[in-house]
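Before I ask anything, let me first share the structure, which is written out below as structure tokens.
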Amino acid sequence: GAGVSQSPSNKVTEKGKDVELRCDPISGHTALYWYRQSLGQGLEFLIYFQGNSAPDKSGLPSDRFSAERTGGSVSTLTIQRTQQEDSAVYLCASSPAWGTDTQYFGPGTRLTVL
Amino acid sequence: QQQVKQSPQSLIVQKGGIPIINCAYENTAFDYFPWYQQFPGKGPALLIAIRPDVSEKKEGRFTISFNKSAKQFSLHIMDSQPGDSATYFCAAQASGYALNFGKGTSLLVTP
């Protein structure tokens, strides 16, 4: 079956614009995670969804960031009023269930804010 | 704050050598320690993982050594190959929480 897919693969935007990044998890996976990967900074947790539970938003860096997951499947990460420091690769991962299960990562969306 | 500290930042070894990447943590609630491998333009992929009830785990040419008392764990790559050239991330997780990643080690294996 298909792995985790993300779109777009690259996004260039101007400072102050809003952007939406999409993630399609592996079919049947109930847990979905968003991470941000900045150069030399490793992977930074942003938000996590598990089934119908309220999302864990503890990693979101500011209120300009939000995410939703529709129908327990596709997720969209929205960044409002983008800033240059938002430039990074945004990675989505899914796993069969919450806890210490393998997380399967998508290829990421490279966001560049000019 | 960085909950998992990884070193070195970069590493160059010759083919057949044994690169070793080290990680350290402070949170004793962590109970799952995976290593991820990432190639340019790709997302990270799970390589091998260990839980604190064992001190060593081997999968093929990859070995994790775990020292619970020192709160350290390391990845060893036996008989390294040019195809192993990638960025390696250690991570740690407490049950019910997100993965905490190290900053990564860029490994280059020369022919």
Side-chain angles (χ1 to χ4, degrees), chain A residues 2-10 21 23-26 29-51 53-61 67 88-110, chain B residues 1-11 21-25 27 29-54 57 59 64 66 73 75 86-106:
Chain A
V4 177
S5 61
Q6 293 186 246
S7 60
S9 55
N10 283 284
L21 312 179
C23 171
D24 284 87
I26 293 173
H29 281 193
T30 59
L32 186 148
Y33 316 80
W34 283 98
Y35 294 87
R36 178 169 68 178
Q37 185 173 24
S38 304
L39 193 62
Q41 295 300 312
L43 284 82
E44 174 190 12
F45 165 73
L46 297 177
I47 189 170
Y48 150 74
F49 296 89
Q50 167 58 357
S53 302
D56 176 357
K57 304 179 182 180
S58 60
L60 294 179
V89 175
Y90 290 82
L91 290 159
C92 174
S94 69
S95 70
W98 176 237
T100 53
D101 284 304
T102 301
Q103 294 185 22
Y104 298 86
F105 283 82
T109 293
R110 180 174 297 279
Chain B
Q1 67 280 20
Q2 194 76 20
Q3 295 206 49
V4 179
K5 296 183 179 180
Q6 183 173 346
S7 63
Q9 187 175 5
S10 63
L11 193 53
I21 305 170
N22 300 297
C23 286
Y25 64 97
N27 189 345
F30 290 150
D31 60 4
Y32 178 66
F33 303 89
W35 284 89
Y36 281 81
Q37 180 187 55
Q38 185 178 30
F39 293 105
K42 304 290 186 182
L46 179 69
L47 192 61
I48 186 173
I50 197 169
R51 297 186 186 274
D53 53 342
V54 297
K57 183 174 182 179
E59 287 187 3
I64 298 180
F66 186 83
F73 58 110
L75 176 70
T87 300
Y88 293 81
F89 293 96
C90 63
Q93 183 182 27
S95 183
Y97 293 88
L99 280 167
N100 296 273
F101 284 89
K103 292 191 176 184
T105 296
S106 178

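Below, each value reflects all heavy atoms present in this structure, side chains not excepted, and no hydrogens, waters or symmetry copies. In what follows, chains carry the letters A, B, and so on, assigned in the order in which the sequence lines appear, proteins first and then strands, with residues in each chain numbered from 1.
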Problem set entry | Of A:Tyr104, A:Tyr35, A:Phe105, the residue whose pairing with B:Pro44 passes side-chain contact (heavy atoms from CB on, under 4.5 Å) |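 So the option named by the test is A:Phe105.
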
Exercise. Using non-hydrogen atoms only, which part of A:Gln37 is less than 4.5 Å away from chain B: side chain, backbone, both, or neither?
Worked result: side chain

Exercise. Relative to chain A, which segment of B:Gln6 carries a heavy atom at a distance below 4.5 Å: side chain, backbone, both, or neither?
Worked result: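 Contact with chain A: none, neither part.
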
For this session: Name all residues meeting the ring pair (Phe, Tyr, Trp, His ring centres under 6.0 Å) criterion together with A:Trp34; count only those two or more places apart in sequence or in a different chain, and write none if there are none.
Result: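 In terms of ring pair (Phe, Tyr, Trp, His ring centres under 6.0 Å), with neighbours along the sequence ignored, A:Trp34 is linked to no residue.
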
Exercise. Heavy-atom distance under 4.5 Å to chain B: side chain of A:Leu43, backbone, both or neither?
Worked result: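 Answer is both: backbone and side chain atoms of A:Leu43 are under 4.5 Å from chain B.
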
For this session: With rounding to the nearest 0.5 Å, note down the distance linking OG1 in A:Thr102 to OH in B:Tyr32.
Result: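 One gets 4.5 Å once the value is rounded to the nearest 0.5 Å.
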
Problem set entry | Point-to-point distance, once rounded to the nearest 0.5 Å, from OG of A:Ser95 to CG of B:Leu99 | 9.0 Å

Exercise. Of all residues at least two apart in sequence or in a different chain, which pass the side chain to side chain donor-acceptor pair (under 3.5 Å) check with B:Thr87?
Worked result: none

